[in-house]
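To keep things clear, I will list the structure first and then write my remarks on it.
Both backbone and side-chain heavy atoms feed into the values below; hydrogens, waters and symmetry mates do not. Chain letters run A, B, ... following the sequence lines, proteins first and then strands; every chain starts at 1.
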2 protein chains.
Amino acid sequence: MTSRELPKAAVAVDLAIFTVRDERLHVLLVERGKEPFLGALALPGGFVEPGEDLRSAAARELKEETGLDADELYIEQLGSYGAPGRDPRGWVVTVAYVALMPNLPLPTTGGDAIDARWVSVDALLADPSSPTPTELAFDHRQILVDAVERVRSKLEYTTLATAFCPREFTVAELRRVYEIVWGQPMDPPNFHRKVTGIPGLLTPTGATTTRDGGRPAQLYRQGPANHLHPAILRTS
Amino acid sequence: MTSRELPKAAVAVDLAIFTVRDERLHVLLVERGKEPFLGALALPGGFVEPGEDLRSAAARELKEETGLDADELYIEQLGSYGAPGRDPRGWVVTVAYVALMPNLPLPTTGGDAIDARWVSVDALLADPSSPTPTELAFDHRQILVDAVERVRSKLEYTTLATAFCPREFTVAELRRVYEIVWGQPMDPPNFHRKVTGIPGLLTPTGATTTRDGGRPAQLYRQGPANHLHPAILRTS
DNA sequence: GCAAAAGTGTTCCGGATACACCCATGC
DNA sequence: GCATGGGTGTATCCGGAACACTTTTGC
């Protein structure tokens with residue numbers, strides 16, 4: 001069998017880039033500038049080039065859409081979506097990636113000026129029977145639902161929550177990430193004891209801050225650990 | 001943009017089909033009958049047809065290789081692999097799936113007679129510096145490594161271990177699945193108490209068996225639950 | 001002083017562990 | 001009886017949940 005006999009598909013990557021801002025989990029969406037789904041909101045993404053690794057393609061799209069380098073933030077493969085008819089242009093298989101970043105200004109807003117915006121995940125995924133449910137292009141709603149669940153579950157047993165925090169952060173700021181992503185309050189004293197007791201999660205800087213009011217809080221950086229022992233579990 | 005302007009790749013599915021037999025975790029491998037990697041062992045798989053869903057393609061390959069229907073066993077997407085050069089025929093992106101099945105005879109051995117065989121995962125993934133490390137075609141060794149880790153971790157918080165068991169099984173047989181997949185012994189009394197206390201995991205049949213010797217053991221079927229509360233955690 | 005947020009102490013409880021012990025079969 | 005594996009009882013330990021309380025700042 002030679003390769004020219006094989007049926008072939010276009011291969012795309014789509015990115016679900018999350019951040020926490022304004023006390024809500026947000027995802028980065030772009031307004032499509034061309035058909036199909038012209039004008040609709042979509043996950044940023046694009047086609048993979050021949051000779052390009054899937055992850056490299058995701059990193060390239062990330063750079064194009066946000067100006068950020070992939071090695072500056074967390075990125076992982078979510079899964080592939082290839083249902084027939086998911087793209088009216090033909091057979092397109094997309095590989096979805098999840099990326100997490102702190103609440104930074106997006107550098108490209110002054111550069112390539114792609115019309116990318118942060119959208120609240122809660123608002124976006126609220127009941128589809130609402131008066132004006134925001135429609136996403138392609139099957140991006142399903143990808144987003146899967147991506148959100150991936151992020152929520154990964155907070156349980158990995159140090160991923162720190163990817164939402166600035167380089168130096170307090171325990172309370174980390175706690176708010178959990179509360180916002182999971183949509184449930186955490187007991188501050190127990191959370192503090194727990195995360196400061198997980199080896200490798202937090203590296204103390206020695207500095208303190210009062211930016212959140214009240215008694216000065218210790219500032220930490222992300223520690224060397226990638227997994228949580230013990231895990232931080234959702235009660236639900 | 002029209003679809004004929006897009007660069008295109010062949011899309012394949014590969015299956016890591018696991019079972020537990022002879023006190024070892026085994027994976028189903030086929031001997032390749034054509035180039036590339038003629039004669040080498042590989043995960044069963046094949047190319048996706050246009051208009052075919054990825055999961056359907058995986059189910060079709062499963063049927064072709066084992067004679068089993070996908071709705072008879074557990075199957076889930078593992079991830080996609082698209083590194084340049086991973087297939088010497090050209091640009092091929094593969095979507096890997098993981099499937100789990102009890103230790104059944106493979107129906108096709110009398111039918112299409114594809115040369116599929118069960119291979120011990122431990123032996124296959126043993127140190128690559130061994131005198132005769134079994135080479136797998138393409139990047140199937142990496143896919144297998146990822147698949148094994150997926151299975152191991154999923155046993156912790158899902159009811160997946162029952163997918164390795166026959167339709168009716170004892171608590172001890174379920175325990176042996178955990179011991180074999182994780183490679184660590186479990187305390188029989190505590191394991192028994194734990195799994196019989198997890199709601200929805202086990203449905204008693206009322207029947208007993210002495211097939212494992214000793215006192216008759218209760219026989220169970222898989223219960224309605226998909227997730228374990230509480231989880232069964234590896235100690236390592 | 002007062003409010004607010006950080007952080008500590010303490011109690012309670014459920015689940016995990018370790019292991020002694022009993023049960024029901026085949027031989 | 002004896003061996004074998006199934007299953008129960010029980011004491012202990014550890015981590016999580018709840019919440020009272022102290023600390024340190026801004027105002």
*With a 4.5 Å heavy-atom cut-off, do Thr203(A) and Gln222(A) have their side chains touching?*
no
*Indicate for each nucleotide in nucleotides 12-21 of chain C, in 5' to 3' sequence, whether protein heavy atoms under 4.0 Å reach the base (B), only the sugar-phosphate (S), or nothing (-).*
----SBBBB-
_Any non-hydrogen side-chain atom of Ser120(A) less than 4.5 Å from a side-chain atom of Leu25(A)?_
no
_Does this structure show an ion pair linking Asp115(A) with Arg117(A), if we count only N-O contacts that are shorter than 4.0 Å?_
yes
*Can you tell me the distance, in whole Å, between the CG atom of Leu202(A) and the P atom of dG7(C)?*
11 Å
*Whole angstrom value for the distance that separates P of dG16(D) from CZ of Arg234(A)*: 16 Å
_Val195(B) side chain reached by Leu228(B) side chain, heavy atoms, under 4.5 Å_ = no
_Could you check whether Asp14(B) and Tyr81(B), counting side-chain N and O atoms only, form a donor-acceptor pair closer than 3.5 Å?_
no
*For the pair Ser80(B) (side chain) and Ser80(A) (backbone), establish whether a donor and an acceptor sit closer than 3.5 Å, ignoring hydrogens and angles.*
no
*So do the side chains of Leu124(B) and Leu136(B) get within less than 4.5 Å of each other, counting heavy atoms only?*
yes
_Can you pull out the residues from residues 160-182 of chain A that lie within a 4.0 Å heavy-atom distance of DNA chain D?_
none
*Hey, where does DNA chain C pair up into stems, meaning at least three consecutive Watson-Crick or G-U pairs with distances under 3.5 Å?*
C:1-27 with D:1-27
_Could you work out, with side-chain contact (heavy atoms from CB on, under 4.5 Å) as the rule, every residue matching Asp53(B), not counting sequence neighbours?_
Ala83(A), Pro84(A), Arg55(B), Ser56(B)
*Is any NZ, NE, NH1 or NH2 atom of the basic residue among Glu76(B) and Arg150(B) found under 4.0 Å from an Asp or Glu carboxylate oxygen of the other?*
yes
_Sequence neighbours excluded - ring pair (Phe, Tyr, Trp, His ring centres under 6.0 Å) pairs with any residue from residues 203-228 of chain A_ = none
*Thinking salt bridges, do Arg211(B) and Glu173(B) make one under a 4.0 Å N-O criterion?*
yes
*Electrostatic pair Arg234(A):Glu149(A) at N-O distance under 4.0 angstrom*: yes
_One thing to verify: whether Asp146(A) and Arg141(A) come together as a salt bridge, which I'm taking to mean a side-chain N less than 4.0 angstrom from a carboxylate O._
no
*Stretch residues 208-221 of chain B: residues that reach within less than 4.0 Å of DNA chain C through a heavy atom*: Gly214(B), Arg215(B), Pro216(B)
*Does His192(B) put a side-chain nitrogen or oxygen below 4.0 Å from OP1 or OP2 of dG6(D)?*
no
